[in-house]
Every structure is written in C-alpha cells, then in structure tokens.
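Notes to accompany the following structure.
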2 protein chains.
Amino acid sequence: MLVKADRRIPVEGHLARLGGERMSCSSFNYRKGRQIFGEGEEAKYVYQIISGAVRTYKLLPDGRRQINAFHLPGDLFGFETGDHHRFTSEALVATEVRVATRQTLLELAVSEGRVSSLLALVTLNLRHAENHMLLLGRKNSHERVAEFLLEIDEREAHPNVMTLPMSRRDIADYLGLTVETISRSLSMFRDEQLVRFEDNTQRRLVLLDRRGLAALEASA
Amino acid sequence: MLVKADRRIPVEGHLARLGGERMSCSSFNYRKGRQIFGEGEEAKYVYQIISGAVRTYKLLPDGRRQINAFHLPGDLFGFETGDHHRFTSEALVATEVRVATRQTLLELAVSEGRVSSLLALVTLNLRHAENHMLLLGRKNSHERVAEFLLEIDEREAHPNVMTLPMSRRDIADYLGLTVETISRSLSMFRDEQLVRFEDNTQRRLVLLDRRGLAALEASA
DNA sequence: CGCCCCTTTGAAGCATATCAAACCGCGTGG
DNA sequence: CCACGCGGTTTGATATGCTTCAAAGGGGCG
C-alpha cells in the first residue's frame, strides 16, 4: 500500500493536528521534476502535499534507483527521527506542499504529549515498507504491477478513471523491474480486459476488473 | 542492517528501560523451529531475546516466504502499534526470551512520557526496512550476500569466527533468492579468498577480507 | 554409529533484463 | 492552428542471471 493519510481529515488539518494549532506552516511550490530534499541532507523540514505528487528514493553509486514511496495529496513526508534525510524527494508533477520545521514539530509533539501521533506516522511507513519487502523479494512482475494498480486505485478512492502521476520508469523503480517489463504487464492486462486506457493516453486508465487484478496480485 | 539493540545496554535493562522498572517480565524458552507468534494473531506480548535467535516472516498463500528480519540477543521484537502481529515469528535455535505484555508496555510508556522510546524502536525497524527494500529491489545476488555477511558481522561485533544461526534457506528467504544461489555466492567468496569456512562446518566462517566484501556490496 | 536433512554442485530452463527500433502523445514554436 | 521534435512508451529480438531440476556429498543430531 502507499503510505496514506487518513482521508477523512481535511488536508489543512493534518500537520496542524500533529504539531498543535500553534505550529506555523508556510506553503511552497515545486515544478515537475524538482528536488524537494536530498538524501543525506539535514532534515530541517517536514512536508505535507496539498496538491500534486512526490517520489522518494535511494540511489546506488552506479545509478540504480529504488523508489521507496509515492506521496499524494494529504500525505506527510520527509519526517525523520534522526537528523538527516534518508531519501531524496522530487516532485512528480507541479506540486504544492505545506512546510513546517521538524524541530518545531518535535518540540511541540513532546511538550504536548503528542508523540504518539508521530509513532502512528512512522508505524504507517513501516507497515508499507514491510508489505513492499514481500513484493520486492517474492512476487513476480504481473503480481507486482497488479498490486501497484490496486494500491493507486485505493489511494485515489476507486475513481472511474485512474490518473497516474508517475512515468513507467518511476513505476519500474518502485517495483524493482524495468520500464519494458512494466509496459508488457500493462499491455497484457489490456489484452486480458483487466484495464482499459482512456482515449489514447498512457497515464489515464480504467480498472475494468478489480477482482481479476486482485486474483493476479497474490496477496498474503 | 539488522534491527539491532544498543549493545552497550545490558540485555536485562532494555525492556525495563522501555516500560519503566515496574514492568513485570517473565522469561520463556523456545526450542529450535518453534513458533513464538503467528501473523494475524492478537499482539498480546512483546519479546526480547536473552539468548538464541529468531526469524520473523510473511508467507504468500502458495508458500513463498519473505523473512523480514533476524533477531539476536538483546533485540526487542513483536512490538505492534496495532492490535495484531503482522509477521510470524519462530526460533532459529533454542532461544530464551523475556516477555512483557504489550498493553502494560504501552500504558507505562504513555503514562511516563516514554513514548519516544517506542518511536525510536519503530524508527530503527523502519530504517532497516528501507535499506532492505533497496537490496531486494535493485541489488544482484553477490551484492545481497556480501551485504548480509557484513550485516551479521557487525551485529556480532566483528568476531574472528562468525556463527550463522540460520540455514541457507533462511538466508535465501531473507535476501529474496534461492538456496542454491546463496550457496553459489558463498562458494565464490570462498574461492576468491574473501571468506573461509571454519573446519568443515557450513555455518561457522571467517571474513578474510571485509574490504573486499564491502566493495562487492555496492552500498549507497 | 547411522540416518536425515542441509548443503553443494551441475545442467537445463525461464522470467526478466538488455538491446534495438518504431510509435505516438504532448509541448513547443513557428 | 499546425508542423515539428523530443521524450516516454510500446513492441520485438536476443541475452543472461537466477531459478528449477537433479543428484551427490557431508555434518550434526538422535
């Protein structure tokens, strides 16, 4: 699953709830492809997506990339318990974020006994990571792609037409596969009438058979 | 990296430190192979290893297994923020654990303002999971095995002779590979003089060239 | 001491990666 | 508004790393 914020809570309230109402937040805009923070940088700020989408990833020295998570509106990201970011973060599309300082968030959380909110946040991330390890370690390509589609579908609250903010390369680096393999899986799903691409787009698609996809997914 | 407890803190003090000195702990013994708790079961207890070793894993319906972590003496495991275990846990060898109820731990942590200790614990697990996703998604078999050996080496504080409490199958299910591939990697390392097997054992070995292994590892 | 299971090694197969090229949607600029 | 060009995507052909299948070896536990 994607790391997801509780959808019943309005976007505006989430950071405020964590930090207490006194936390000052400013908003900021990033263009498509722009870096929000880098791996190893000091973790000064915490972010919440107002609109747009974000990827966070790790790189190996030779350029291999593992995308850890995609973040969508409402999601909090960039929070570190330690002092440094352990991922790089970039905007997938034009993205507006709300920003608060990590220090303020931490101090307020501690002083107001709201550390359990942080615990809940980290736990949510951990759960996602645990599921993703199973996917990366033991699932085949069709299972991975099916799971990915259902994950996005759930994140977007089962829309009629699903819009993917990320490229095939991003999906590949999230699922531990290559662009070509992603494309082949999606083509197979299309041929099997599991999905349909909207008009002639490559990033807007309809899940025709969620049950069929779930059967392919091989979940636990 | 393995999820690891701070080695400077004696085994006896760790759970007590988290829960406060008033937390009652009893100890329990598990024979090799015995299940400690199962995925989906209610998470009543929290465990700390006194001696021995433990694996935690998820299973797919068809039996594919992903081992999430190995736990060694001093490690805390089985703590859940939610009500249910998300893994199955089994003793790798004869293992003695200290047990405390999760409820007590949670209540004490909250009432005494020690939630941040739980946060630190979950964060440690998250960090390990993040690194492991990179390994599972983007590293080849030699890199995975080299990283695994160095991880155990560090956990055991760089001993002259490293003792593996887990089988090749366990290693394979931890690294997302097969038994045969693990064996071939280890044989290659032996032929390349990177490691040496102690006497004629398969689970006691010496790291002859940690630098060489680190070079193979392709870390970030 | 002996059996069983773990491990190693070899041979063959397969899923996914790699290499290659055509297609096409989209943004740009004329 | 349309032509153009580019990057992203698809599709095909080939390569390869890891798995699967198979069998022998060997260590440790009962």
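Chain letters run A, B, ... following the sequence lines, proteins first and then strands; every chain starts at 1.
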Side-chain donor/acceptor contact of [X] with base of [N] under 3.5 Å:
| X | N | answer |
| --- | --- | --- |
| Glu180(A) | dC19(C) | yes |
| Arg184(A) | dT18(C) | yes |
| Arg203(B) | dG28(D) | no |

Exercise. Looking at Phe70(A), does the NZ or CZ of Arg55(A) lie under 6.0 angstrom from its six-membered ring centre and within 45 degrees of the ring axis?
Worked result: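 The answer is no; the distance or angle limit is not met.
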
Separation of [N] [atom2] from [X] [atom1] (nearest whole Å):
| X | N | atom1 | atom2 | answer |
| --- | --- | --- | --- | --- |
| Asp170(B) | dT7(C) | CG | C1' | 13 Å |
| Leu175(B) | dC18(D) | CG | P | 12 Å |
| Leu177(A) | dC14(C) | CG | C1' | 16 Å |
| Leu136(B) | dG17(D) | CG | P | 20 Å |
| Arg204(A) | dT9(D) | CZ | P | 14 Å |
| Gln202(A) | dA22(C) | CD | P | 18 Å |
| Arg168(A) | dG25(C) | CZ | P | 13 Å |
| Leu205(B) | dT7(C) | CG | P | 12 Å |

Problem set entry | Qualifying residues under salt bridge (charged side-chain N to carboxylate O under 4.0 Å, His left out), relative to Arg168(A), sequence neighbours excluded |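 Per chain and number, Arg168(A) pairs via salt bridge (charged side-chain N to carboxylate O under 4.0 Å, His left out) with no residue.
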
For this session: Can you sort out which residues in residues 185-199 of chain A have a heavy atom within less than 4.0 Å of DNA chain C? Ascending by number, please.
Result: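 Per residue number, the list is empty: none.
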
For this session: Kindly point out which of dT19(D), dG25(C), dT7(C) is positioned nearest to the side chain of Ser183(B)?
Result: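 Closest of the options to the side chain of Ser183(B): dT7(C).
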
For this session: From the options dT10(D), dT16(C), dG25(C), select the nucleotide whose nearest atom is closest to the side chain of Ser141(A).
Result: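 Selected nucleotide: dT16(C).
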
Exercise. Pick the nucleotide of DNA chain C nearest each of Val179(B) and Thr181(A); which residue has the one closer to the 5' end?
Worked result: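 Final value for this comparison: Val179(B).
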
Exercise. Does Lys32(B) or Asn140(B) map to a spot on DNA chain D nearer the 5' end, using the closest nucleotide for each?
Worked result: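 Nearest nucleotide further toward 5': that of Asn140(B).
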
Exercise. Do Glu39(B) and Arg86(B) sit within salt-bridge range, that is, some charged N less than 4.0 Å from a carboxylate O?
Worked result: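 Judged by the 4.0 Å cut-off on N to carboxylate O distance, Glu39(B) and Arg86(B) do not form a salt bridge.
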
Exercise. Are Tyr47(B) and Phe37(B) close enough that their ring centres sit under 6.0 Å apart?
Worked result: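 Centroid distance Tyr47(B)-Phe37(B): below 6.0 Å, so yes.
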
Exercise. Between Tyr30(B) and Phe28(B), does the ring centre distance come in under 6.0 Å?
Worked result: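 Ring-ring flag for Tyr30(B)/Phe28(B): true, centres closer than 6.0 Å.
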
Exercise. Mind checking what makes side-chain contact (heavy atoms from CB on, under 4.5 Å) contact with Arg196(B), not counting sequence neighbours?
Worked result: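 Listed in chain order: Glu198(B), Val206(B), Leu208(B).
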
For this session: Answer yes or no: is there a donor N or O on one side and an acceptor on the other, between the side chain of Arg204(A) and the main chain of Thr163(A), under 3.5 Å?
Result: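 Not a single qualifying donor-acceptor pair exists.
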
